[in-house]
Amino acid sequence: MKDPKWKFLCQGEIQPFEDKELYQQKMIKRRLDKDALISYCIKLGIDIRDDAFGESQQSILVERLSWLCNREGTHLHQ
């Protein structure tokens with residue numbers, strides 16, 4: 001089965017807490033799943049499962065930006 005909407009880039013040195021076998025999964029969406037992300041955060045001392053995490057000093061703000069182009073090739077900020 002092909003994953004047409006997923007892209008996966010793995011570069012740099014693999015960290016000791018990473019499960020490098022995940023990155024070899026045939027389906028791209030299985031290479032980094034929710035359980036792996038939770039595990040990585042815990043191993044880094046960040047417990048994102050804790051209800052109070054969003055209010056703690058450990059919380060992280062992630063802002064996602066993407067750029068789209070219309071048919072004329074003009075960039076549209078999303």
Student: Return the NZ to CG distance between Lys43 and Asp19, rounded to the nearest 0.5 Å.
Tutor: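 Answer for the NZ-CG pair, Lys43 versus Asp19, is 7.0 Å.
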
Student: Checking Ile48 now: which residues fulfil side-chain contact (heavy atoms from CB on, under 4.5 Å) with it, not counting sequence neighbours?
Tutor: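 Scan of Ile48 (side-chain contact (heavy atoms from CB on, under 4.5 Å), adjacent residues dropped) gives Ile38, Cys41, Ile46, Phe53.
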
Student: What heavy-atom pair brings Arg31 and Gln25 nearest, and what distance separates the two atoms?
Tutor: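 In this case the closest contact between Arg31 and Gln25 is NE-O, 2.8 Å.
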
Student: Can you tell me how far the OH atom of Tyr40 sits from the CD atom of Gln15, to the nearest 0.5 Å?
Tutor: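 It is 10.5 Å, given to the nearest 0.5 Å.
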
Student: With rounding to the nearest 0.5 angstrom, report the CG to CG distance, Leu37 to Leu32.
Tutor: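 Answer for the CG-CG pair, Leu37 versus Leu32, is 4.0 Å.
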
Student: If I compare all heavy atoms of Ile14 with all of Lys20, which pair ends up nearest, and what's the gap?
Tutor: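 Smallest interatomic distance, heavy atoms only, reads CD1-CB, 3.6 Å.
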
